[in-house]
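The structure appears below as structure tokens.
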Amino acid sequence: MTQYTAVTDADLAEMLSAIGVSSVQELFDRQIPADVRLGRALDLPAGLPEQEVYGHLRELARKNVSAEDEITFLGAGMYDHYVPAVIDMLLGRSEFLTPYTPYQPEVSQGNLQAMFEYQTAISELTGLPVSNASVYEGPSAVASAGYLARLANGKPKFIVSRGLHPHSRETLATYAHGFGAEIVEVPLKDGVTDAAAWAEAIDGETGAVFFQQPNFLGAVEDAAALAAAAKDSPAVVIGQYDPIPLGIIKPPGECGVDVCVGEGQTLGNRLDFGGPSFGFFAATEAYLRRMPGRIAGETVDADGRRGFVLTLQTREQHIRREKATSNICTAQALNALAGVVYLTWLGKQGLVDLGELLLQRTHYAREQLVALDGVTALHDQPVVREFAVSCNGADVGAVIRRCQDEGVNPGYALGRDYDEFPDGLLVALTEQRSKADIDRLAEVLGTAVAAERATVGASA
Amino acid sequence: MTQYTAVTDADLAEMLSAIGVSSVQELFDRQIPADVRLGRALDLPAGLPEQEVYGHLRELARKNVSAEDEITFLGAGMYDHYVPAVIDMLLGRSEFLTPYTPYQPEVSQGNLQAMFEYQTAISELTGLPVSNASVYEGPSAVASAGYLARLANGKPKFIVSRGLHPHSRETLATYAHGFGAEIVEVPLKDGVTDAAAWAEAIDGETGAVFFQQPNFLGAVEDAAALAAAAKDSPAVVIGQYDPIPLGIIKPPGECGVDVCVGEGQTLGNRLDFGGPSFGFFAATEAYLRRMPGRIAGETVDADGRRGFVLTLQTREQHIRREKATSNICTAQALNALAGVVYLTWLGKQGLVDLGELLLQRTHYAREQLVALDGVTALHDQPVVREFAVSCNGADVGAVIRRCQDEGVNPGYALGRDYDEFPDGLLVALTEQRSKADIDRLAEVLGTAVAAERATVGASA
Amino acid sequence: MTTFNDNKLHGDPGIEAHALHHEIPVTSDGATPMQRDRATTIFEKGAAGRRAFVAPALDVPEVEATKLLPPALRRDAVARLPEVSEPELVRHYVKLSRRNFDLDTGFYPLGSCTMKHNPRLHERVASLSGHARLHPLQAPERSQGALELMYNLERALGEVSGLPHVSLQPSAGSHGELAGVLLTRAFHEDRGQVRTKVLTPDTAHGTNPATVTMAGMTVVKVGTNPDGGVDLDDLRAKADDTVACLMLTNPNTLGVFDPNITEIAKIVHDVGATLYYDGANLNAIMGKARPGDMGFDIVHFNLHKSFTQPHGGGGPGSGPIAVSERMKPYLMNPRIVRADDGSFDLDDHGYEKSIGRLRGFQGNYGCFVRSYAYICSLGGEGLKDASETAVLNANYLLARLRRLGVADQLPLAFGVLCMHEFVLSGAPMKRDLQIRTLDLAKRLLDHGFHPPTVYFPLLVDEALLIEPTETETRETLDAFADVLADILREARE
Amino acid sequence: MTTFNDNKLHGDPGIEAHALHHEIPVTSDGATPMQRDRATTIFEKGAAGRRAFVAPALDVPEVEATKLLPPALRRDAVARLPEVSEPELVRHYVKLSRRNFDLDTGFYPLGSCTMKHNPRLHERVASLSGHARLHPLQAPERSQGALELMYNLERALGEVSGLPHVSLQPSAGSHGELAGVLLTRAFHEDRGQVRTKVLTPDTAHGTNPATVTMAGMTVVKVGTNPDGGVDLDDLRAKADDTVACLMLTNPNTLGVFDPNITEIAKIVHDVGATLYYDGANLNAIMGKARPGDMGFDIVHFNLHKSFTQPHGGGGPGSGPIAVSERMKPYLMNPRIVRADDGSFDLDDHGYEKSIGRLRGFQGNYGCFVRSYAYICSLGGEGLKDASETAVLNANYLLARLRRLGVADQLPLAFGVLCMHEFVLSGAPMKRDLQIRTLDLAKRLLDHGFHPPTVYFPLLVDEALLIEPTETETRETLDAFADVLADILREARE
Ligand SMILES: Cc1ncc(COP(=O)(O)O)c(C=O)c1O
Ligand SMILES: Cc1ncc(COP(=O)(O)O)c(C=O)c1O
């Protein structure tokens with residue numbers, strides 16, 4: 001018996017006798033052949049009291065430098081937004097935390113209504129009429145959108161902007177290798193998708209086109225133009241969007257995007273070293289019956305009362321099995337709940353205010369950094385929450401380390417994913433990074449770049 | 001309108017017109033005379049967004065060295081016991097966190113039953129048949145017990161062991177000066193209450209006698225003997241107990257104690273720099289109608305169903321006003337809930353196991369410390385979770401500082417309250433202080449004492 | 001009202017054939033199996049040997065236990081605490097919790113209790129280990145953040161009350177009252193006077209008279225005039241140099257702000273007595289008027305009311321006091337002091353003629369953290385908005401009740417307007433409709449509302465004391481008014 | 001049973017005249033005012049201008065916004081998000097939450113879902129800022145704790161499964177399945193083979209066939225023998241060198257452990273195919289038997305089942321996979337590596353022939369923290385105790401149902417004993433009593449129990465798949481059995 005089980009010696013005796021076996025081992029012996037039974041104890045450390053598990057996990061936590069411990073401008077797909085306290089409270093409630101997927105609508109109206117509200121919020125955000133109740137996270141949402149396109153039009157070629165998150169491109173490639181689609185990458189030009197190359201790449205065999213808004217370099221793409229270029233092809237236009245700037249950026253639904261997916265972490269979810277968060281998945285009406293995952297719908301019950309249920313389940317694996325639109329089962333309900341609570345917390349005006357604030361601060365930060373010796377803009381496109389600079393040949397990894405030693409994480413080394421930007425640095429803003437923080441970044445980065453150039457100079 | 005209020009401009013217009021005034025200010029102007037209206041804005045900083053309030057409070061938290069940041073042996077009334085995670089969850093539930101005192105039993109059965117269970121647990125712990133639902137905290141519980149004695153027998157003299165917590169003695173003095181009782185202190189001898197002086201001090205005018213178990217020096221008193229000495233006097237025998245060792249120490253109910261009170265922090269409550277925690281208050285049947293505060297009782301309702309209600313309310317201020325047994329109204333319901341959850345979590349055997357573990361570790365720690373050069377035992381009485389040593393003339397404050405600089409808080413400087421022990425150090429154990437921690441304490445303390453003695457030697 | 005987004009997806013065919021809203025049926029004898037379990041205590045659950053706790057291993061050399069603690073001092077019979085697994089524990093208390101009405105589920109207009117929204121930010125910041133695991137005897141050099149917080153809170157409370165010297169020590173309102181009366185005693189004693197009478201209006205909360213007795217003084221009641229204020233003639237008649245203090249709540253428990261407050265203060269001060277402000281109703285006047293400016297010497301705050309501590313089902317609370325210059329020397333020690341270098345310290349002898357301590361350590365610090373966070377969030381303007389909205393909401397609800405005719409059976413007991421709360425008298429309702437305030441209260445529960453405070457204040461027959469607070473919406477006030485009207489209509493039919 | 005402490009204090013006289021247990025009455029039309037509010041969405045609440053969010057002040061020099069973002073790229077119509085105050089927000093979602101059935105309130109024997117207790121310690125440790133606010137792209141030198149945790153978890157999962165190479169990346173069971181099938185594809189491709197058939201038993205969970213299709217392969221169904229295991233003849237007939245893989249759940253969704261597993265493995269391996277273990281039912285065998293020892297090449301774990309992630313109403317989950325030596329080169333990158341000096345790193349090219357990434361970053365780390373804490377709490381012995389107790393509880397419940405005669409209408413579909421769950425067939429009940437499994441499910445709700453999984457697995461008519469888990473008490477199992485018996489009796493009468 002452990003702290004989580006309850007079979008006392010007295011219970012055990014009665015239970016075994018009711019079953020008619022003489023020991024628990026007999027239950028296993030009679031069902032599992034001897035040659036596959038584990039004849040030894042598991043080679044794992046002994047169990048620990050709660051306080052010691054806490055102590056151990058706290059020590060591990062202390063070996064990490066979190067966004068609580070440094071001034072961080074690291075983004076590149078996940079962002080250190082403030083998660084309001086109401087979210088912790090609501091997600092911590094047993095009633096939201098512990099139920100399974102709402103298979104019994106009578107005792108799951110809370111979850112079902114929350115899903116429905118979440119879908120409504122995503123529709124509002126994206127300007128697309130249908131949304132599912134969540135998929136795993138951003139990059140796999142992109143890949144799932146690819147699968148949707150594959151099912152919808154069967155065309156074998158996917159055109160992918162190099163501005164799409166590297167993880168999305170990689171994940172899409174992994175999935176596409178399975179279901180069978182070939183990927184053609186379109187390069188960037190002046191920080192955005194090369195419009196000419198993009199248009200040229202799209203043809204009658206194109207099943208889907210993929211871009212990101214803002215793109216990985218932080219630049220705002222001309223989404224409407226990118227979508228328009230695919231208009232005369234069979235391609236499904238798929239955009240991966242950051243939801244935060246959608247308070248000020250033209251929504252995908254108004255740009256001709258067919259499927260909008262994205263990483264939901266920024267909507268009230270913690271960084272958590274990368275997950276769990278959620279992926280959102282919205283589309284035009286045309287793709288409703290191709291959507292992956294759960295969808296909650298509104299209905300009226302036998303008593304004439306309004307209620308919510310899982311709907312269009314004939315798309316799903318538990319009904320359609322090999323003919324399902326996706327294999328997804330467990331998704332990210334709790335994280336999506338955080339998403340709708342966060343959007344409610346921000347509210348209609350708050351999302352706009354947040355977008356405008358980030359726009360101003362991002363501009364200010366870019367101005368401060370490019371004013372530094374040895375730092376130049378990597379592109380001049382409009383940026384709303386993240387931007388890229390070049391460190392003029394300095395070793396960016398070393399620059400970052402120097403900054404971190406001063407308590408400032410200046411961002412992401414673009415060279416990790418883009419050979420063409422070996423000295424690129426991607427700098428992200430959130431509402432948690434104040435002007436004072438930006439000024440401190442400028443100071444620390446300036447010193448670090450100077451020091452690195454001196455080193456390089458000295459060793460050259 | 002703030003984030004916590006909801007009166008939009010449209011609401012305001014409709015509300016004012018419904019009331020029939022032209023502005024909110026008019027509501028004040030018509031009710032508050034001009035000469036006492038505040039004609040200016042409050043001189044307070046402007047309000048802040050949630051993230052900034054969080055940031056500010058986190059910065060303040062960082063300026064403190066908590067039990068999470070050092071290995072602490074500080075006790076002296078509050079102890080760094082592990083608070084299990086279930087407590088955070090349960091106390092964080094809106095249903096426990098936000099209601100008022102359960103005036104409407106139909107919609108407060110949760111609280112009322114929890115109070116009843118808490119009382120039962122305290123009765124079990126103390127071996128006394130009645131318990132109330134909590135008072136503020138330890139020292140004021142002692143003072144309230146004094147008031148009970150005053151009401152019960154009207155005798156003017158209180159005999160107080162010097163082993164009683166200094167804060168309890170001070171608080172009792174403050175209260176007693178109000179309701180009228182004189183305090184006579186009985187000194188300690190060999191670490192425990194001087195039995196002869198105690199017996200001698202008690203007479204026919206003694207309204208109450210007070211001792212602490214274990215006493216402030218960590219020594220286990222002969223409670224039965226102390227109580228017996230008061231048997232032939234009118235005095236109410238009052239003991240302040242630490243509940244944690246009650247798994248192994250003879251309970252007050254078996255020692256002739258009439259009223260047992262104590263600090264409940266150790267039962268599942270955080271340190272919180274001293275509060276909120278709760279005071280427990282248990283007594284023999286004889287004092288039931290003199291008890292302060294709420295008491296929950298079991299009953300059967302009109303439908304024949306079991307239920308719980310506040311009972312014996314005719315003791316209380318809201319019914320009896322100036323004739324009440326106490327003025328207490330808001331008490332510490334949530335903290336007492338933590339108490340009963342903690343005791344349930346420990347369970348019947350757990351309380352004993354914990355007591356025995358602390359007994360062993362305390363003994364080990366005492367052995368290690370008195371083996372150090374320049375450290376001797378301050379007394380040789382049995383100790384169960386805390387003990388006192390002398391640092392042979394060293395400046396204890398300086399010794400403590402030296403230890404803290406090494407990340408170990410060795411305990412409490414007894415000289416702050418006891419002139420007779422200027423070099424005394426009070427060292428407390430909890431289940432969170434392992435053998436390794438104790439060994440580290442011995443190492444650090446040995447070095448610190450040696451260094452201090454060298455300093456003193458050098459400057460002498 | 002936001003236009004509703006029409007992302008309406010409909011259920012799979014067939015699913016609507018069921019009822020989608022499950023209610024545990026109320027059986028004729030009111031006891032389904034699930035309900036039967038509910039009043040079973042944790043002591044009646046579990047089984048011998050179950051446990052949620054895993055004790056740390058004994059890591060020191062074991063010594064025979066009776067050598068360390070002799071049998072004579074040992075417990076014989078084990079305390080019969082529950083024996084349950086962690087899952088049993090969790091389920092028991094989660095289920096218990098669901099039998100409470102709470103503020104996050106519904107309107108809770110309990111008069112005099114200020115059931116305002118409890119922001120969860122406060123729980124978050126109070127849980128930071130730098131606050132939550134800080135030992136109260138940690139050296140001041142190593143608890144600078146806590147001392148700074150307390151210092152800042154003291155100053156803010158001083159500013160809101162207009163009384164500059166603050167002690168945060170008292171654990172609740174009643175504890176603050178005790179501090180105040182003992183301070184008054186010390187004040188008079190210091191002047192060589194023994195004054196033992198304390199005047200309290202008949203509208204006073206029960207803690208006021210109870211405190212007076214507990215502090216060894218005597219209660220003398222003062223009457224209420226037809227407007228709901230202090231009866232000045234009665235006050236003048238009773239105010240003499242044997243009087244130590246007048247304890248007043250303003251606005252009082254009728255929701256009436258006493259317009260004669262300046263005169264009252266003069267009468268009291270003229271006989272050398274102190275004026276005590278019961279701050280339970282401070283939520284009506286933050287940023288609008290200050291007890292210090294009205295002539296009060298001492299005020300207690302209920303941080304768990306005006307400054308939104310969660311009530312916890314009956315605590316914890318926190319009842320700091322603020323006092324005028326002349327009361328300052330008697331304040332409770334220790335005192336928080338700020339040195340010229342900006343560092344903070346606790347001075348055990350900070351107030352020369354201190355009445356002493358009222359409890360252990362420095363007070364309910366966890367409560368200070370929360371209320372301080374509240375003040376930081378709202379600032380001076382926000383606190384004023386809180387009081388303004390509290391008063392607006394109360395008056396609007398009153399106006400709605402009048403409009404709906406509820407006031408015919410449940411008239412306002414005093415005055416025309418009100419401050420942050422108001423008292424209705426249920427006497428006409430009892431007479432005309434044969435229903436009592438208590439019946440009304442129970443019926444409100446059926447509608448999902450917590451009843452107001454009933455049968456208090458005592459001087460109003462069948463009283464109903466309603467305090468909506470500032471954090472409720474107009475829609476909620478409308479719904480509550482409608483339900484009151486419905487219940488009366490139901491009773492009439 | 002603990003003797004009940006008799007500290008019984010009785011209520012004040014008179015109070016018992018009331019009912020002490022308030023239930024919102026269920027009106028004839030099933031809609032009290034409180035209930036009416038319940039299906040109102042947050043979009044229909046609030047009012048224009050209300051807000052819970054306070055934006056930080058603009059602290060940088062303001063530049064005309066259209067200069068920074070040209071109008072052509074700008075949004076015109078504002079997204080119609082809710083407009084509510086924080087108190088409205090809190091009340092809305094707290095009330096919504098109370099419309100869910102949850103594990104902390106009642107028995108939740110949903111078969112195949114392993115609804116075991118979720119320790120709150122896990123939420124506590126996952127919330128530590130060093131875990132919760134750690135950016136996934138933080139430099140490895142500055143995220144050593146996270147990498148160590150993941151490394152340790154990989155090793156523990158490797159030990160439990162008997163398959164040493166682990167990738168934590170997949171986000172749920174179905175994602176792990178996809179990884180596994182893509183791994184299989186890579187394995188065969190690496191050997192120059194194109195194999196596209198995947199065998200799945202008809203008892204398989206829907207995710208298995210759906211995954212196969214998604215990975216561009218074809219499902220071939222394998223039958224079930226009368227004992228509930230794989231039909232060996234059918235398997236032999238279908239196993240040839242066009243087969244890529246057999247996906248198996250063992251014990252399967254009937255709660256039956258396939259005794260022919262060694263033979264099955266041999267058949268599959270003999271044709272050069274891989275053997276995939278759907279780990280959803282791992283809770284039956286932890287510390288008792290290991291997929292690796294049975295000959296499986298790939299296993300996915302559902303951390304949200306066996307390793308007690310809270311299910312969150314449908315996620316998050318986490319579906320790590322463990323594989324044998326021969327599948328290792330194809331695992332997803334990045335790989336966590338431990339250097340000789342004990343430090344950890346993420347190697348983007350750690351597996352030479354990697355199938356690539358399946359998602360962003362390193363997986364659902366927050367889930368890893370929780371499951372790792374679980375493993376630390378229980379250790380090897382505790383995990384074994386979990387499986388033993390899960391199997392004991394299931395068999396005990398089955399025995400109780402037999403004893404109470406429930407099995408007459410609801411017989412066990414296969415076998416005599418069961419592993420951690422069992423399937424009853426409702427066919428006799430439907431025939432004899434004219435009630436269907438769905439009716440039974442609904443009636444269980446009235447008794448405060450969540451229904452078992454119904455209508456799955458598909459091959460059992462009117463199936464009822466019951467998984468009590470190890471964290472339930474015998475008393476709960478007894479009560480559940482009694483209620484099932486009562487419902488059948490009710491139907492008979
Ligand atoms: C007017 C008034 N005074 C004093 C008090 C006592 O405050 P506390 O409950 O904090 O002791 C209350 C609380 O109910 C009150 O309403
Ligand atoms: C047997 C079986 N396999 C696979 C899965 C899919 O797991 P997940 O929901 O984590 O994708 C489930 C979950 O329901 C299951 O029961």
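Lettering of chains follows the sequences in order, A, B, ..., and the numbering in each one begins at 1.
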Show your working on side chain to side chain donor-acceptor pair (under 3.5 Å) between A:Asp88 and D:Ser127 and close with a plain yes or no. CA-CA 9 Å; A:Asp88 286 5; D:Ser127 301; over 6 Å; no
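- A salt bridge between D:Arg142 and A:Asp69 is absent, with no side-chain N of the basic residue lying under 4.0 Å from a carboxylate O of the acidic one.
- A donor-acceptor pair under 3.5 Å links the side-chain atoms of D:His131 to the main chain of A:Leu57, judged by distance alone.
- For A:Ala324, the part lying near chain D is the side chain, with the backbone staying farther off; criterion is any non-hydrogen pair under 4.5 Å.
- Summarising the geometry of A:Arg321 relative to D:Pro209, their closest heavy-atom pair is CB-CG, 3.7 Å, with the distance given to 0.1 Å.
- Between A:Asn64 and D:Ala146, the shortest heavy-atom contact is OD1-N, 2.9 Å.
- The two atoms that bring D:His175 and A:Ser140 nearest to each other are NE2-CB, 4.2 Å, heavy atoms only.
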Start with the C-alpha gap between A:Thr344 and D:Leu81, add the side-chain angles, then the distance that decides, and say whether side chain to side chain contact (heavy atoms under 4.5 Å, CB included) holds. CA-CA 6 Å; A:Thr344 299; D:Leu81 295 178; over 6 Å; no
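- Ion pair A:Lys250/D:Asp76 flagged as a salt bridge, since at least one NZ, NE, NH1 or NH2 atom sits closer than 4.0 Å to an Asp/Glu carboxylate oxygen.
- Looking at D:Ser377 and A:Gln3, their side chains come closer than 4.5 Å, going by heavy atoms from C-beta outward.
- Residue D:Ala72 touches chain A through its backbone alone, counting heavy-atom pairs closer than 4.5 Å.
- At a 4.5 Å heavy-atom cutoff, D:Val181 makes no contact with chain A through either its backbone or its side chain.
- For D:Leu128, the part lying under 4.5 angstrom from a heavy atom of chain A is the side chain only.
- Using a 4.5 Å cut-off on side-chain heavy atoms (C-beta onward), D:Leu89 and A:Leu90 make contact.
- In this structure, chain A has a heavy atom under 4.5 Å from the side chain of D:Met115, while its backbone stays farther away.
- Looking at D:Asn395 and A:Met15, their side chains never come closer than 4.5 Å, going by heavy atoms from C-beta outward.
- Atom-to-atom distance recorded for D:Thr41:OG1 and A:Phe116:CZ is 7.0 Å, nearest 0.5 angstrom.
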Verify side chain to side chain contact (heavy atoms under 4.5 Å, CB included) between A:Gln360 and D:Asp59, making sure each step is shown before the conclusion. CA-CA 9 Å; A:Gln360 295 286 341; D:Asp59 51 1; over 6 Å; no
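- Of the possible donor and acceptor atoms, one in the side chain of A:Glu137 sits under 3.5 Å from a partner among the backbone N and O of D:Gly360.
- Using a 4.5 Å heavy-atom threshold, the side chains of D:Leu96 and A:Phe96 count as touching.
- Contacts between A:Ile248 and chain D at a heavy-atom distance below 4.5 Å involve backbone atoms as well as side-chain atoms.
- Under a 3.5 Å cut-off, the side chain of D:Gln138 and the backbone N or O of A:Val65 do form a donor-acceptor pair.
- Annotation: side chain of D:Asn118 is not in contact with side chain of A:Tyr4 (no heavy-atom distance under 4.5 Å).
- For chain A, the nearby part of D:Glu86 is the side chain; its heavy atoms alone come within less than 4.5 Å.
- Looking only at heavy-atom pairs under 4.5 Å with chain D, the residue among A:Thr72, A:Asp80, A:Val352, A:Val7 that has the most is A:Asp80.
- Counting heavy-atom pairs closer than 4.5 Å to chain A, the top-ranked of the candidates D:Lys384, D:Glu381, D:Glu388 is D:Glu388.
- Proximity to chain A (any heavy atom under 4.5 Å) is restricted, for D:Ala55, to the side chain, taken from C-beta onward.
- In this structure, the portions of A:Asp43 lying under 4.5 Å from any heavy atom of chain D include both its backbone and its side chain.
- Contact of the A:Ile19 side chain with the D:Leu392 side chain is registered, since non-hydrogen atoms from C-beta on lie closer than 4.5 Å.
- Aromatic ring centres of D:His135 and A:Phe273 lie farther apart than the 6.0 Å criterion allows.
- Nearest approach of A:Ser326 to D:Ala210, heavy atoms of both residues: O-CB, 3.9 Å.
- Ranked by heavy-atom pairs under 4.5 Å with chain D, the first of A:Leu97, A:Val36, A:Ile438, A:Leu125 is A:Leu97.
- The OG atom of D:Ser97 lies 9.5 Å from the CG atom of A:Leu337; values are rounded to the nearest 0.5 Å.
- In this structure, chain D has heavy atoms under 4.5 Å from both the backbone and the side chain of A:Tyr54.
- Heavy atoms only, all atoms of each residue included: A:Glu14 and D:Tyr396 are closest at O-CE1, 4.5 Å.
- In summary, the side chains of D:Asp385 and A:Thr5 do present a donor paired with an acceptor at a separation below 3.5 Å, with no hydrogens or angles considered.
- Looking at D:Asn393, the atoms closer than 4.5 Å to chain A (heavy atoms on both sides) sit in the backbone and in the side chain alike.
- Ring orientation note: the planes of D:Phe361 and A:His165 are nearly perpendicular, at an angle over 60° on the 30°/60° scale.
- Aromatic ring centres of D:His304 and A:Tyr100: separated by at least 6.0 Å.
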Can you list the steps and then say if A:Glu254 with D:Arg74 is a salt bridge (charged side-chain N to carboxylate O under 4.0 Å, His left out)? CA-CA 11 Å; A:Glu254 293 177 19; D:Arg74 278 198 166 255; over 6 Å; no
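- Of the listed residues (D:Gly379, D:Ala386, D:Pro136, D:Gly366), the one with the most heavy-atom contacts under 4.5 Å to chain A is D:Pro136.
- Taken from SG in D:Cys376 to CG in A:Leu44, the straight-line distance is 9.5 Å, to the nearest 0.5 Å.
- Looking at D:Leu398, there are no atoms closer than 4.5 Å to chain A (heavy atoms on both sides), in backbone or side chain.
- Pairing each heavy atom of D:Pro56 with each of A:Arg361, the nearest pair is CB-NH2, 3.9 Å.
- Between chain D and the options A:Thr171, A:Val21, A:Thr101, heavy-atom pairs under 4.5 Å are most frequent for A:Thr171.
- At distances below 3.5 Å, not a single donor-acceptor pair connects side-chain atoms of A:Glu322 with backbone N or O atoms of D:Val212.
- In this structure, a donor-acceptor pair under 3.5 Å is absent between the side chains of A:His167 and D:Arg359.
- Looking at A:Glu170, the atoms closer than 4.5 Å to chain D (heavy atoms on both sides) sit in the backbone and in the side chain alike.
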Check the pair A:Tyr136, D:Ser174 against side chain to side chain donor-acceptor pair (under 3.5 Å), reporting the backbone distance first and the verdict last. CA-CA 11 Å; A:Tyr136 305 134; D:Ser174 65; 2.4 Å; yes
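- Residue D:Thr389 touches chain A through its side chain alone, counting heavy-atom pairs closer than 4.5 Å.
- A salt bridge does not link D:Arg75 to A:Glu124: none of the charged side-chain nitrogens sits closer than 4.0 Å to a carboxylate oxygen.
- With contacts defined as side-chain heavy-atom distances shorter than 4.5 Å, the pair D:Leu73/A:Pro382 qualifies.
- For the side chain to side chain donor-acceptor pair (under 3.5 Å) criterion with D:Tyr93, the lone passing option out of A:Arg93, A:Glu95, A:Glu117 is A:Glu117.
- Although no hydrogens or angles enter the test, the distance criterion places no donor-acceptor pair under 3.5 Å between the side chain of D:Asp102 and the main chain of A:Thr98.
- A:Gln104 places a side-chain heavy atom less than 4.5 Å from the side chain of D:Pro451.
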